[in-house]
Amino acid sequence: MTVVTRFAPSPTGYLHIGGARTALFSYLYAKRHGGKFLLRIEDTDRERSTQEAVDAIFEGMAWLNLKSDFAEIYQTQRFDRYKEVIGQMLAAGSAYYCYCSKEELDAMRAEQMARKEKPRYDGRWRPEPGKTLPPIPDGVQPVVRFKNPLEGQVVLNDLIKGEIAFDNAELDDLIIARGDGTPTYNFCVVVDDWDMGITHVIRGDDHVNNTPRQINILKALGATPPAYAHVSMILGADGAKLSKRHGALSVTEYRAMGFMPEALLNYLVRLGWSHGDQELFTREEMIEKFDFDHVSASPARFDMEKAWWVNHQYLKIADPAIVAPEFDWHLRRLGVDPANGPDLKRVIEQQRERCRSLVEMAEKSKFFYAELDGYNEKDAAKHLNADGAAVLEALAALLEALPDWTAEALHVAVNGFAEGRGLGLGKVAQPLRVACCGMAVSPPIDQTLFLLGRERTLARLKAAVSYVRSKS
Ligand code: GLU
């Protein structure tokens, strides 16, 4: 059996991290078993679905590199198929027309409530042997209901939650097509999972109560129900329902905050799943190790600090070539042209120890690619003074005469200069930093000057000297 899993978001909002985790689990499970993963857009709710949300889902999935093994699938393009199956069920007697008007259903409900009963459809249009159905009223567009078994149980062996039994007596005859003929949500899911050969349905546990209904419909269609894994929800660090304040943001917002996609996935996989106490996983390791035996049935807690920690660990060890395109994106967001400066990979290598986000890295690296838009006020006050200017002027002459602009040559020159003048390295390096970077923090000074390049360095040293002079 080839494992086929799916991620089936409704495009009524952005792809948030809870959804991304569900997608990741589905993806990993399929890949782990050499199977296939598909993305299905459940857009039958025309009022709540938007193109913007569809685009955001595709954008988020592409950024996370959770690729579907199939072409794009939209439920709205499958209406003919749903109609066909409804027709078959009506013909086979596993579904029936119900002509109850809204008023009748409301009255039914009110009576049941008055009798302190659970409101439910009373089966008045449900055909049974020997039963006479009411006369068909004029002008009512009937809905189609599924003929749910009246007795027995549906036993779900959930891969995460274990066995859950549902009494059929508790399940209504579900409406599978509305009066206007459009199929309803649970029904579309069933037909899709069946047609697409889904072997494992992995989804949020807010869907647990839909599962027995879906299993019954699948059985009525003669299909073997897939296995189910209902993933617990994610709570905030304080144990409350995850909200924006806790980090319930869209995947795109995580990108804008400076996360690497692989790091975000790494953080998400650990939300509910564990492999011993290992925290950091490559994608290959996640695929190799992911299983449902180690997915917790209780809710996971989202911890933003830990997410940042994972991102930082990732940045520190990642191949700079993989980080570079994302870093490029962040520099452009700052209005900087990444082509106008050193190789991004070299800058990443120099910056990653001190930056846990790519936003931070871009802000601290902007000076490599764009002219300075002034100096950090405090740093300038401290380092760009008469002493600093004297140091910078002498250094400018020294560096201008360097035959090779290499990190080694710069190291020797700057250190030699400080020693020669009997100055601590800070007294030399800090004015240099403020002059070249606009602020007193940067990678090691030799690397900084090397990456900044000869022309830019010399021009900035001279500009800093003029700046000091113009003030005095
Ligand atoms: N479309 C549903 C949702 O976005 C998911 C349905 C499913 O996975 O079965 O919540």
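As the structure lists them, so they are numbered: ligands from 1, and atoms in each ligand from 1. All heavy atoms count here, side chains included; hydrogens, waters and symmetry mates do not.
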### Task
Kindly indicate, with the supporting measurements, whether the criterion ring pair (Phe, Tyr, Trp, His ring centres under 6.0 Å) is fulfilled by Trp125 and Tyr96.
CA-CA 8 Å; Trp125 286 93; Tyr96 61 92; 8.8 Å; no
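Pairs engaging residues 195-204 under the salt bridge (Lys or Arg N to Asp or Glu O under 4.0 Å) rule: Arg78-Asp195, Arg81-Asp195 [sequence neighbours left out]. Sorted by first and then second residue, the pairs that involve residues 205-223 and meet salt bridge (Lys or Arg N to Asp or Glu O under 4.0 Å), not counting sequence neighbours, are Lys161-Asp205. For the side-chain hydrogen bond (donor to acceptor under 3.5 Å, both in side chains) condition, the pairs that include at least one residue of residues 293-302, sequence neighbours left out, are Asp291-His294, Ser296-Ser298.
Side-chain rings of Phe367 and Tyr369 stay apart, their centers remaining 6.0 Å or farther from each other.
Protein residues with a heavy atom closer than 4.0 Å to ligand 1 are Arg6, Ala8, Pro9, Ser10, Glu42, Tyr185, Val189, Arg203, His207, listed by chain and number.
Ring geometry for Tyr27 against Phe37 counts as perpendicular: the plane angle is over 60°, on a 0 to 90° scale with 30° as the lower cut.
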